[in-house]
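Below you'll find the structure, written out as C-alpha cells, and then a few comments.
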Amino acid sequence: MPAHKPEECDLQLLEALKAGDLDAAIALYEPDATFVVSPDQVVTGHAAIREVMQGFINAQATFNVEAVTAVPSTDGTVAVTRVKGSSTSPGPDGNPVTTPLHSVEVVRKQADGTWLFIVDDPSGEGIK
C-alpha cells in the first residue's frame, strides 16, 4: 500500500517487516535510496536494502512505536520523519533483547502524490 503522508512510510515499513513482506518493505524506497546500517556502513539501492530488510525479518523483531513525527519542507516535496520507540527480538540465548528506536528518515513526494524513503537511518546516529 503506498504512503500518502510522510509519516505513513515509517508505519507501513514496520507493518511490512512485522508481516514478513519483503516486497512491501522495499516498495517504500526509491530505487537509489540510502540506508544507514551502522555509522560505519551505508548501503544504496533496492538490492542492498533488500538484504538488510531480510535480516530484520529473520530477526523476528517486534516494534513498539511511541511517536512518529514528520517535518515537511516549505514546498511540501520532502520531509524528515522520526520514529521513537523500541524493537525487541530474540537474543542469542533466546531471551528478548530490546533496543531503543530513534530513527531519522528523509522521504520524498513522488509525481503520483505518494511518498518514498530516500534516506533511512533507523538508529538515528548518522554516519562517520
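- Checked for salt-bridge contact, Arg108 and Glu30 meet the test: a charged N lies under 4.0 Å from a carboxylate O.
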*Please assess Leu22 against Ile57 for the test side chain to side chain contact (heavy atoms under 4.5 Å, CB included), listing each intermediate value before the final yes or no.*
CA-CA 8 Å; Leu22 186 57; Ile57 290 170; 4.1 Å; yes
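- Between the side chain of His4 and the main chain of Gly113, no donor-acceptor pair closer than 3.5 Å is present.
- The distance from the CD atom of Glu125 to the CG atom of Asp40 is 10.0 Å, given to the nearest 0.5 Å.
- For Thr114 against Pro2, the heavy-atom pair with the smallest separation is CG2-CB, 3.5 Å.
- In this structure the side chain of Val37 never reaches within 4.5 angstrom of the side chain of Val42, judged on heavy atoms.
- Salt-bridge formation is detected for the pair Asp23/Arg50: a Lys NZ or Arg NE/NH1/NH2 atom is positioned less than 4.0 Å from an Asp or Glu carboxylate oxygen.
- Hydrophobic clustering keeps Val104 apart from Val68 (ILVMFWY residues linked when any side-chain heavy atoms are closer than 4.5 Å, directly or through intermediates).
- Heavy-atom minimum distance, Ala61 versus Ser89: CA-CB, 3.9 Å.
- In this structure, the separation between CD1 on Ile26 and CD on Glu51 is 10.0 Å, given to the nearest 0.5 Å.
- Only one option out of Val119, Thr34, Asp121 pairs with Val106 in a side chain to side chain contact (heavy atoms under 4.5 Å, CB included); it is Val119.
- Taking all atoms of both residues into account, the shortest heavy-atom contact from Pro122 to Phe35 is CG-CZ, 3.5 Å.
- Heavy-atom minimum distance, Cys9 versus Leu28: O-CD1, 3.8 Å.
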*asked:* Go through it in stages, so that I can follow the logic: the residues are Val43 and Ile49, the test is side chain to side chain contact (heavy atoms under 4.5 Å, CB included), and I'd like the CA-CA distance, side-chain angles, deciding distance and then a yes or no.
replied: CA-CA 7 Å; Val43 299; Ile49 295 171; 4.3 Å; yes
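- With hydrophobic clusters built from ILVMFWY side chains whose heavy atoms lie under 4.5 angstrom apart, Leu11 shares a cluster with Tyr29.
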_From CA spacing to verdict: side chain to side chain contact (heavy atoms under 4.5 Å, CB included), Leu17, Met53_ = CA-CA 8 Å; Leu17 293 175; Met53 291 297 145; 3.7 Å; yes
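- A donor and an acceptor atom, one from each side chain of Thr81 and Glu105, are located under 3.5 Å apart.
- In this structure, Ser103 OG and Arg82 CZ are separated by 7.5 Å, a value rounded to the nearest 0.5 Å.
- Of the inter-residue distances, the one linking Leu116 atom CG with Asp112 atom CG reads 8.0 Å to the nearest 0.5 angstrom.
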*Begin from the C-alpha positions of Gln12 and Trp115 and carry the test side chain to side chain contact (heavy atoms under 4.5 Å, CB included) through to its verdict.*
CA-CA 11 Å; Gln12 289 183 18; Trp115 292 81; over 6 Å; no
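- Checked by atom type and distance alone, the side chain of Thr77 never pairs as donor or acceptor with a backbone atom of Lys109 at under 3.5 Å.
- In the hydrophobic clustering of ILVMFWY residues, with side-chain heavy atoms under 4.5 Å counting as a link, Phe56 and Leu13 come out together.
- A donor-acceptor contact closer than 3.5 angstrom links the side chains of Thr88 and Thr98.
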